[in-house]
Amino acid sequence: MRTFPSVLPVVLALAATVTAAAQTPQQPATLEERMSQAELKAAGLDRLSPAELKYLNDWLQSHGAGANTQFVTPGGQPVFYPDSSSRETVESHISGLFTGWHGHTVFKLDNGQEWKQAESGAYDAGKFQDPVVRIKPMLLGSWLMYVEGCGCSVRVNRVK
């Protein structure tokens, strides 16, 4: 039986490298990597000096920012908006008759999307056939649906 003494050190070195890489914690992304320029500006972070921005990034890193991130790139970096196109304003029509909402209403749009009422309460809007809606991204991941005609709006979550 033939042995391969020169292969053993290579295998051991590779195993040590993989183990060390697995134990190295991933650094959270900086705010500049997490946020678009528009988001940085909306939060007022574009007015920070480079030193202030570095301090804030260092503080976030030392206080566990990104610890609950559920989406990561193949390289292990956090992804805070996994579907960036879904954070753009949606403009469509509600399919059929719209009369308002009543607690858990699901709004079916003519583009195939479905959005569910995200807040409690009810609103009787009257009767509107296929009204135009605009669904805008809001802070902290929420969405606001504005219905033309009745001038009403409600917070919603996309379900389809």
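Keep in mind that the numbers below use all heavy atoms, side chains included, and drop hydrogens, waters and symmetry copies.
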(request) Working to the nearest 0.5 Å, report the span between OG1 of Thr99 and CD of Gln129. (result) 11.0 Å
(message) Under the rule for side chain to side chain donor-acceptor pair (under 3.5 Å), what residues qualify as partners of Lys54, not counting sequence neighbours?
(response) Asp58
(message) Just to verify, what does Arg134 make a salt bridge (Lys or Arg N to Asp or Glu O under 4.0 Å) with, not counting sequence neighbours?
(response) Glu91, Glu148
(request) Search all heavy atoms of Phe98 against all heavy atoms of Pro131 and return the closest pair with its distance. (result) CB-CG, 3.6 Å
(request) Sort and list the pairs that fulfil disulfide bond (SG atoms under 2.5 Å apart) and have at least one residue in residues 95-134, not counting sequence neighbours. (result) none
(request) Please check if any side-chain donor atom of Asp110 sits under 3.5 Å from a side-chain acceptor atom of Ser92, or the reverse. (result) yes
(message) I'd like to check Ile135 versus Thr89 (side-chain heavy atoms, cut-off strictly below 4.5 Å). Are they in contact?
(response) no
(message) Working to the nearest 0.5 angstrom, can you tell me the gap between Arg155 CZ and Ser142 OG?
(response) 4.0 Å
(request) Provide the closest heavy-atom pair for Met145 versus Val147 in the form atom of the first, atom of the second, distance. (result) CE-CG2, 4.0 Å
(request) With sequence neighbours excluded, give me every disulfide bond (SG atoms under 2.5 Å apart) pair touching residues 89-147. (result) none
(message) Show the nearest heavy-atom pair for residues Ala122 and His102, with the distance to one decimal.
(response) CB-ND1, 3.7 Å
(request) For Glu119, enumerate each residue passing the side chain to side chain donor-acceptor pair (under 3.5 Å) test, keeping only those at least two apart in sequence or located in another chain. (result) none
(message) Tell me every residue that passes side chain to side chain contact (heavy atoms under 4.5 Å, CB included) with Lys41, counting only those two or more places apart in sequence or in another chain.
(response) Asp46
(message) Testing the basics here: between Asp130 and Gly96, what is the closest heavy-atom pair and its distance to 0.1 Å?
(response) OD1-N, 2.6 Å
(request) Answer whether the closest heavy-atom distance between the side chains of His104 and Gln117 falls below 4.5 Å. (result) no
(request) Sorted by first residue and then second, give each disulfide bond (SG atoms under 2.5 Å apart) pair with at least one member in residues 130-160; sequence neighbours left out. (result) Cys150-Cys152
(message) Applying side chain to side chain donor-acceptor pair (under 3.5 Å), can you list everything that pairs with Glu114, at least two apart in sequence or on another chain?
(response) none
(request) List for me each residue that meets side chain to side chain donor-acceptor pair (under 3.5 Å) alongside Ser120, sequence neighbours excluded, and say none if there are none. (result) none
(message) Which residues pass the ring pair (Phe, Tyr, Trp, His ring centres under 6.0 Å) test with Tyr123, not counting sequence neighbours?
(response) Trp101
(request) Please step through side chain to side chain contact (heavy atoms under 4.5 Å, CB included) for the pair Phe107 and Val156, ending with a clear verdict. (result) CA-CA 9 Å; Phe107 306 96; Val156 291; 4.0 Å; yes
(message) Using a 4.5 Å cut-off between side-chain heavy atoms of Ile, Leu, Val, Met, Phe, Trp and Tyr, which other residues end up in the same hydrophobic cluster as Met138?
(response) Leu144
(request) Begin with the C-alpha distance, continue with both residues' side-chain angles, and end with the deciding distance and a verdict on side chain to side chain contact (heavy atoms under 4.5 Å, CB included) for Val90 and Asn111. (result) CA-CA 10 Å; Val90 174; Asn111 65 3; 3.8 Å; yes
(request) Apply side chain to side chain contact (heavy atoms under 4.5 Å, CB included) to Arg158 and Gln113, showing your working. (result) CA-CA 7 Å; Arg158 187 171 176 182; Gln113 294 179 355; 3.3 Å; yes
(request) Establish whether Trp143 and Tyr146 are linked, either directly or via other cluster members, by ILVMFWY side-chain heavy-atom contacts under 4.5 Å. (result) no
(request) Give every residue pair that meets the disulfide bond (SG atoms under 2.5 Å apart) criterion with at least one member in residues 103-137, sequence neighbours excluded. (result) none
